[in-house]
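Right, one structure below, let's go through it.
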Number of protein chains: 2
Amino acid sequence: MKLNQATDYAFRMVLYLASMPEGTKMTGAALAENQHIPERFLLKIMRSLTAAGIMKSYRGVDGGFALQRHPSEITLFDIIEAVEGQTELQRCLHDMSSCTRECGGMCAIYGAFSDIQHQLAERLKAINFEGLAEQERTFHANK
Amino acid sequence: MKLNQATDYAFRMVLYLASMPEGTKMTGAALAENQHIPERFLLKIMRSLTAAGIMKSYRGVDGGFALQRHPSEITLFDIIEAVEGQTELQRCLHDMSSCTRECGGMCAIYGAFSDIQHQLAERLKAINFEGLAEQERTFHANK
DNA sequence: CAATAATTAACCGAAAAAGTATAGTTTAAT
DNA sequence: ATTAAACTATACTTTTTCGGTTAATTATTG
């Protein structure tokens, strides 16, 4: 039931840029070093984030990455969806045919997880990176 | 972020016994056939459930498995914990040293997931198998 | 003792996760 | 135009987890 490592890296990447002045652009290498993420792997994750419209990439000399949207418009849910493809806990919520229990969807477990899943998604959508960056600042102020 | 197959099988196994008259005892083979679960794999999952005090096992002739507690005392959370060991979404919630972002726990992401995790756990603990079995019955009544 | 059924521990193949490599493209600056 | 700095695309390798199986063992009933 864990998120992958790539997703956690993506959280950090976005959080860091969200903590910088708006529009800050950084190279993959710099961000990787700063956040202790393997550089090539970071680049790979970046592709998912740019494809999802979360990051913007600049090629060539003086290229790098910047946030494509305002941090307040990027949620935890967005990142998970971009990196993992979907956010479901139970496989049958995502793909009914994955279940071998021939119940035709008349399943109390399915029902329970539909609810839980929905609430979880709402919670994840309620948390955006403007808020997270703000919190991060207060941590650093108290250090 | 998915639960694994074993956990889903465990849900079914417990739900089925919870739907039967209290104290019903069944062999692994019978339960496996009934719920379309590979038999040997079911047996393996059963060990986690018995170790967790959810199932009771009887060896030898006329042996089998039965629920060890009343269905109302078995929750979704219990099953996940028994089969997967822990229910955390973020690895750092379970093992702080798993994070390479040297922030000493002063992390907005960590904070956000602590909350979400806690709420998720509460939701999972709120759903027990007496209720699920009840729901299952109404499905069958309407069929 | 014989038959039955769970237990234990080891094992295995496949798939997914995590990370790396290589060969391009694009771009700014010289 | 060249060059060097950066991302892109694809493909590859390695490690871990998942899903499941085997085989020998132990416990129970009759």
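Residue numbering restarts at 1 for every chain, and letters A, B, ... go by the order of the sequence lines. Note that the structure is a prediction, hence the values are computed from the model and not measured.
Summarising the geometry, atom NZ belonging to Lys2(B) is positioned 12.0 Å from atom SG belonging to Cys92(A); distances are rounded to the nearest 0.5 Å.
Scanning atom types as modelled, no donor and acceptor separated by under 3.5 angstrom connect the side chain of Lys44(B) and the base of dG19(D).
We find that CD of Gln86(B) is positioned 11 Å from P of dT17(D), with the value rounded to whole Å. Remark: C1' of dA3(C) and CG of Asp62(B) are 13 Å apart, rounded to the nearest angstrom. Rounded to an integer number of Å, the gap from NZ of Lys25(B) to C1' of dT28(D) is 10 Å. In this structure, CG of Leu31(A) is placed 14 Å from C1' of dA6(D), rounded to the nearest angstrom. Rounded to an integer number of Å, the gap from Leu43(B) CG to dA24(D) P is 17 Å. Distance Arg59(A) CZ to dA5(D) C1': 12 Å, rounded to the nearest Å. Arg40(A) places its CZ atom 16 Å from the P atom of dT13(D), with the value rounded to the nearest Å. Spacing between atom CG of Asn4(B) and atom P of dA16(C) amounts to 14 Å, rounded to whole angstrom units.
Listed for the Ser19(B) side chain is a donor-acceptor partner under 3.5 Å among the backbone atoms of Leu15(B). Using a distance-only test at 3.5 Å, with no hydrogens or angles considered, a donor-acceptor pair links the side chain of Arg91(B) to the main chain of Leu3(A).
Within the nucleic acid shown, Gly60(A) comes within 4.0 Å of at least one base atom, counting heavy atoms only.
With the nearest nucleotide of DNA chain D identified for both Arg47(B) and Ala29(A), Ala29(A) has the one nearer the 5' end. Mapping Phe41(B) and Lys2(A) onto DNA chain D via the closest heavy atom, the residue that lands nearer the 5' end is Lys2(A).
Listed nucleotides dA6(D), dG20(D), dA4(D) differ in distance to Val61(A); the shortest reach to its side chain belongs to dA4(D).
For Arg91(B), a side-chain nitrogen or oxygen approaches OP1 or OP2 of dA18(C) to under 4.0 Å. Ser57(A) has a side-chain polar atom (N or O) that falls below the 4.0 Å cut-off from OP1 or OP2 of dT8(D). Note on Tyr58(B): every side-chain N or O is 4.0 Å or more away from OP1 and OP2 of dT4(C).
Side-chain rings of Tyr110(A) and Phe11(B) stay apart, their centers remaining 6.0 Å or farther from each other.
Following chains of ILVMFWY side-chain contacts shorter than 4.5 Å, one can reach Tyr16(B) starting from Phe113(A), so the two form part of one hydrophobic cluster.
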